[in-house]
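All remarks here apply to the structure that follows.
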Amino acid sequence: MTAPWTDWDHITKIDPDKDLVEGETFEDVCATGTDALEIGGTLDMTEEKMERVVDACAKYDVPIYQEPSNPGVVIDDDALDGYLIPTVFNAKDSFWVTGAHKEWVRIEDGLDWDRTHTEAYIVLNPDSSVAEYTEADCDQNADDVASFARVAEKMFGQEIVYVEYSGTYGDPEKVGAAHDALEESTLFYGGGIHDYETAYEMGGNADVVVVGNLLHDEGVDAVRETVEGVTDAHAELAEP
Ligand SMILES: CC(C)=CCC/C(C)=C/CC/C(C)=C/CC/C(C)=C/COP(=O)(O)OP(=O)(O)O
Ligand SMILES: O=P(O)(O)OC[C@@H](O)CO
Ligand SMILES: [Mg+2]
């Protein structure tokens, strides 16, 4: 069976610590045309906040994945299609590469391996909380980014590589370099996608575009525009 994300164009990342725009519901989020929901954030996360969002989204048709930022917030919920567990390839502290994972496996018995997948992050915005938190070395040129992507796929068997600019719009050249370096793995891009044009441009350089802050800051109509942008970019790439 092929992995579900190979069919995705767009993910909406919901931060359980942030509100939706006033008057909007999770039903509206699920009606944007987004292909999957990723529930996660780095700051002030708790199991209760995670549960609340998963419960609210469970009855709609969009797959739901939890993206835990640490082992303490992983929830056990049948409504989840799975877990997308980050591993940060350019973190300075190996805790964020394998250490947290080792602790998780040590503490929990009976992990649901069939629903557990990893995302090989390359974190590139030095001002993001995720970069600070993981002490990521963000000083990477396009060749470096491409090489990390290739290492993730070819040496570590990662099915998902994630170029992360959380909070700011990234460099399309670096994203494209990662894309060109991959043969099989799926490239996620996230960071600063805020309208049709940015989604269209990054859609030309990545397999899946992830939209986060926009949902909480601008709302579902803006998110729907980004779905259209990436979908159009991918439709054009697929033309003969
Ligand atoms: C082993 C387990 C279960 C967990 C460890 C998982 C790891 C290594 C997490 C590292 C941090 C990471 C990549 C988290 C993913 C979520 C993410 C990138 C959230 C967005 O971060 P920001 O947007 O910078 O933070 P805020 O939105 O919270 O300010
Ligand atoms: O919030 P934004 O900047 O859209 O980033 C999305 C996502 O990649 C964050 O992990
Ligand atoms: Mg964020």
Side-chain angles (χ1 to χ4, degrees), residues 10-19 32 34 36-47 49-50 53 65-76 80 82-108 111-113 115-136 138 152 158 160-170 175 178 187-195 198-199 202 206 208-219 222-223 225-227 229-230:
H10 186 282
I11 294 173
T12 303
K13 193 177 282 194
I14 302 176
D15 186 334
D17 197 40
K18 294 183 185 159
D19 293 324
T32 54
T34 194
L37 306 178
E38 237 184 316
I39 320 284
T42 45
L43 303 175
D44 301 317
M45 204 45 56
T46 63
E47 284 182 72
K49 290 179 189 171
M50 287 277 191
V53 176
Y65 288 79
Q66 190 188 6
E67 187 187 52
S69 50
N70 68 71
V73 300
V74 179
I75 59 171
D76 182 6
L80 288 173
Y83 302 92
L84 295 175
I85 310 293
T87 168
V88 181
F89 268 47
N90 60 329
K92 284 205 186 98
D93 183 343
S94 69
F95 184 77
W96 302 111
V97 190
T98 53
H101 314 71
K102 183 268 287 176
E103 279 307 305
W104 188 40
V105 170
R106 193 173 63 79
I107 292 162
E108 298 289 333
L111 285 181
D112 185 354
W113 292 113
R115 285 197 297 161
T116 302
H117 316 280
T118 50
E119 300 167 310
Y121 266 78
I122 307 163
V123 171
L124 294 178
N125 174 14
D127 299 324
S128 62
S129 344
V130 64
E132 284 175 30
Y133 188 68
T134 65
E135 296 171 67
C138 300
Q158 296 296 296
I160 299 170
V161 175
Y162 192 140
V163 174
E164 170 69 292
Y165 276 92
S166 182
T168 195
Y169 190 62
V175 183
L187 183 68
F188 287 14
Y189 168 80
I193 299 289
H194 61 274
D195 57 11
T198 47
M202 282 306 179
V208 180
V209 162
V210 184
V211 170
N213 292 340
L214 188 70
L215 172 68
H216 303 285
D217 296 344
E218 302 292 331
V223 172
E225 258 189 55
T226 65
V227 173
V230 60

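In this text, all values refer to a predicted model and were calculated from it rather than measured experimentally. First listed ligand is number 1; within each ligand, the first listed atom is number 1.
In this structure, Ser69 counts as a contact residue of ligand 1, since one of its heavy atoms falls inside 4.0 Å of the ligand. Between Tyr165 and ligand 2 there is no heavy-atom distance shorter than 4.0 Å. Heavy-atom distances between Glu103 and ligand 1 stay at or above 4.0 Å for every pair. Contact annotation: Pro68 has at least one heavy atom less than 4.0 Å from an atom of ligand 1.
Around CD of Glu218, the count of heavy atoms belonging to other residues, nucleotides or ligands within 6.0 Å does not exceed 12.
Not a single N or O atom of Ile193, backbone or side chain, sits closer than 3.5 Å to an N or O atom of ligand 2. The N/O atoms of Ser129, backbone and side chain alike, include one that comes under 3.5 Å of an N/O atom in ligand 1. Considering both main-chain and side-chain atoms, Ser166 comes within under 3.5 Å of ligand 1 through a nitrogen or oxygen pair. Residue Leu214 places no N or O, backbone or side chain, under 3.5 Å from any N or O of ligand 2. The shortest N or O to N or O distance between Gly192 and ligand 2 is below 3.5 Å. Geometrically, ligand 2 and Asn213 share a nitrogen or oxygen pair separated by less than 3.5 Å. When only interatomic distances are considered, the shortest N/O to N/O separation between Ser166 and ligand 2 does not fall below 3.5 Å. In terms of polar-atom proximity, Lys13 is counted as a contact of ligand 2, with an N or O under 3.5 Å from an N or O of the ligand. Close N/O approach between Val130 and ligand 1 is found [any backbone or side-chain N/O within under 3.5 Å].
Ring geometry for Tyr162 against Tyr121 counts as parallel: the plane angle stays under 30°, on a 0 to 90° scale with 60° as the upper cut.
Applying the salt bridge (charged side-chain N to carboxylate O under 4.0 Å, His left out) definition to pairs two or more places apart or across chains, those involving residues 92-107 are Glu103-Arg106.
Paired with His10 under the rule side chain to side chain contact (heavy atoms under 4.5 Å, CB included), one option of Val210, Ile193, Thr34 passes, and it is Thr34.
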Audit row: Val211, Lys13, side chain to side chain contact (heavy atoms under 4.5 Å, CB included) steps and yes/no: CA-CA 6 Å; Val211 170; Lys13 193 177 282 194; over 6 Å; no
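Listed by chain and number, the residues in a salt bridge (Lys or Arg N to Asp or Glu O under 4.0 Å) with Asp195 amount to none (sequence neighbours excluded).
A side-chain N or O of Asn213 and one of Lys18 form a donor-acceptor pair less than 3.5 Å apart. With no hydrogens or angles considered, a side-chain donor-acceptor pair links Thr118 and Gln158 at under 3.5 Å.
Under a 4.0 Å criterion applied to the non-hydrogen atoms of Lys18, ligand 1 contributes the atoms 27 (O). Heavy-atom contacts of Asn70 reach the following atoms of ligand 1: 4 (C) (cutoff under 4.0 Å).
The part of Tyr162 lying near ligand 2 is the side chain, judged by heavy-atom distances below 4.0 Å. Using a 4.0 Å cut-off between heavy atoms, Gln66 makes no contact with ligand 1 at all. Contacts with ligand 1 closer than 4.0 Å are made by side-chain heavy atoms of Asp15 only, the backbone lying farther away.
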